[in-house]
Number of protein chains: 2
Amino acid sequence: MNIGEAAAASGVSAKMIRYYEQIGLIPAARRTGSGYRVYADADVHTLRFIHRARNLGFPVNRMRELLALWQDRNRASANVKAVALAHIDELERKIRELETMRETLRHLAHNCHGDQRPDCPILADLAADEYADARQRPPVVVARD
Amino acid sequence: MNIGEAAAASGVSAKMIRYYEQIGLIPAARRTGSGYRVYADADVHTLRFIHRARNLGFPVNRMRELLALWQDRNRASANVKAVALAHIDELERKIRELETMRETLRHLAHNCHGDQRPDCPILADLAADEYADARQRPPVVVARD
DNA sequence: ATTGACCTTCCTATGATTGGAAGGTTTATT
DNA sequence: AATAAACCTTCCAATCATAGGAAGGTCAAT
């Protein structure tokens with residue numbers, strides 16, 4: 001199987017397969033006499049694993065752990081679970097961050113007439129001189145950043 | 001005011017102020033005889049506006065619109081609201097994406113013993129051969145792709 | 001033999017930000 | 001006045017994962 005076929009079979013683009021090889025996430029592929037990379041079913045299997053983990057948002061460095069665990073037949077499932085839970089925490093952190101932004105904006109947009117007049121609480125809030133920013137930060141005295 | 005003071009007063013780092021100038025988000029600052037950038041209160045005001053919009057996740061290109069609207073005294077608030085709502089949609093799209101990942105992982109982690117045994121549904125799912133095609137997933141797992 | 005679809009490597013860009021190096025300026029202290 | 005520190009300047013590089021393209025080699029079918 002050459003790289004294009006492996007890409008189609010795994011869902012990982014040829015570009016990314018070369019990249020993963022380059023950064024050492026996967027071992028260097030065997031080559032034909034003319035330099036073409038050659039892949040076997042087992043390699044495609046690994047690439048599919050990578051593709052799915054990426055789809056779940058695992059960063060490449062966490063996937064190194066994941067791949068090592070996957071290939072270790074004596075792993076403890078507790079270790080795998082720990083990686084998954086750490087990633088869930090990371091996802092939740094990002095979700096909360098985005099939700100905070102969304103709520104602030106929703107609130108501002110809700111109070112905006114949305115008509116032909118220039119009057120706009122959204123801009124007023126972004127431009128406010130004294131910005132309590134109570135929606136995103138605890139009301140600690142000064143320090144806005 | 002030099003760039004360091006403007007940075008401290010606005011919350012935007014000196015590095016980023018130079019960058020925003022370079023990409024044309026803000027006009028090139030006036031310079032002293034020796035080449036130092038000089039900022040006035042109005043500039044800091046603009047930088048604070050930018051800082052707050054960035055904190056709400058507005059990408060730099062959307063902030064160009066936002067700044068133009070802010071500086072246009074004849075704007076229609078409807079236009080501002082449209083930018084905000086478009087950004088809210090974008091935030092929601094990302095939130096849903098992350099939530100989908102989280103739910104899939106939560107489910108997998110929930111079914112994982114997390115003990116010393118190697119048996120692990122998380123790895124089993126990531127490695128599964130039978131649903132290489134993302135559209136034919138078993139009902140056990142939440143959408144992924 | 002030619003064409004087209006592959007493959008190879010290398011370079012570039014993305015977006016927003018941070019880091020650093022090398023060198024000039026300003027301010028404060030001796 | 002000399003010196004040191006804390007600034008400032010530009011330029012270059014790195015991040016992370018991915019995509020695009022150029023220049024050139026290879027393979028399969030016409």
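Order of the sequence lines sets the chain letters (A, B, ...), proteins ahead of strands, with each chain counted from 1.
Between Ser34(B) and the phosphate of dT9(D), there is no side-chain N or O to OP1/OP2 separation shorter than 4.0 Å. Distances shown here put every side-chain N or O of Tyr19(A) at or beyond 4.0 Å from the OP1 or OP2 atom of dC16(D). Within the structure, a side-chain polar atom (N or O) of Ser13(B) is placed less than 4.0 Å from OP1 or OP2 of dT18(C).
Residue Arg18(B) contributes atom CZ, which lies 19 Å from atom P of dA16(C) at whole-angstrom precision. Between the CD atom of Glu21(A) and the P atom of dA17(D) there is a distance of 17 Å, rounded to whole Å. Note: OH (Tyr39(B)) to P (dT9(D)) measures 7 Å, nearest angstrom. The interatomic distance linking Arg30(A) (CZ) with dT8(C) (C1') rounds to 17 Å, in whole Å. As rounded to whole Å, 12 Å separates atom P of dC8(D) from atom CZ of Arg31(B). Rounded to a whole Å, the CD atom of Glu5(B) is 10 Å from the C1' atom of dC7(D). The CZ-C1' distance, from Phe58(B) to dA16(C), rounds to 17 Å in whole Å. The separation between Asn55(B) atom CG and dT17(C) atom C1' is 14 Å, rounded to whole Å.
Between Arg64(A) and Asn61(A) there is a side-chain heavy-atom pair separated by less than 4.5 Å.
The nucleotide whose nearest atom lies closest to any side-chain atom of Arg37(B) is, among dT9(D), dT18(D), dT17(C), dT9(D). The nucleotide whose nearest atom lies closest to any side-chain atom of Asn2(B) is, among dA16(C), dC7(D), dT8(C), dC7(D). Of the candidate nucleotides dT18(C), dT8(C), dC8(D), dC8(D) has the atom lying nearest to any side-chain atom of Ile3(B). The Lys15(B) side chain lies nearest to dG19(C) when the options are dC7(C), dA19(D), dG19(C).
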Given side-chain hydrogen bond (donor to acceptor under 3.5 Å, both in side chains), test Asn55(B) with Arg52(B) step by step and report yes or no.
-> CA-CA 5 Å; Asn55(B) 279 346; Arg52(B) 285 175 200 139; over 6 Å; no
Apply salt bridge (charged side-chain N to carboxylate O under 4.0 Å, His left out) to the pair Arg117(A) and Asp115(A), showing each step before the final yes or no.
-> CA-CA 6 Å; Arg117(A) 287 173 294 172; Asp115(A) 56 18; 2.6 Å; yes
Passes salt bridge (charged side-chain N to carboxylate O under 4.0 Å, His left out), Glu90(A) versus Arg62(A)? Steps please.
-> CA-CA 12 Å; Glu90(A) 179 68 13; Arg62(A) 254 217 249 275; 5.1 Å; no
Going through the checks in order, is the salt bridge (charged side-chain N to carboxylate O under 4.0 Å, His left out) test met by Arg106(B) and Glu103(B)?
-> CA-CA 5 Å; Arg106(B) 258 191 193 161; Glu103(B) 289 315 305; 2.9 Å; yes
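Judged by closest nucleotide on DNA chain D, Met16(A) is the one of Met16(A) and Tyr36(A) placed further toward the 5' end.
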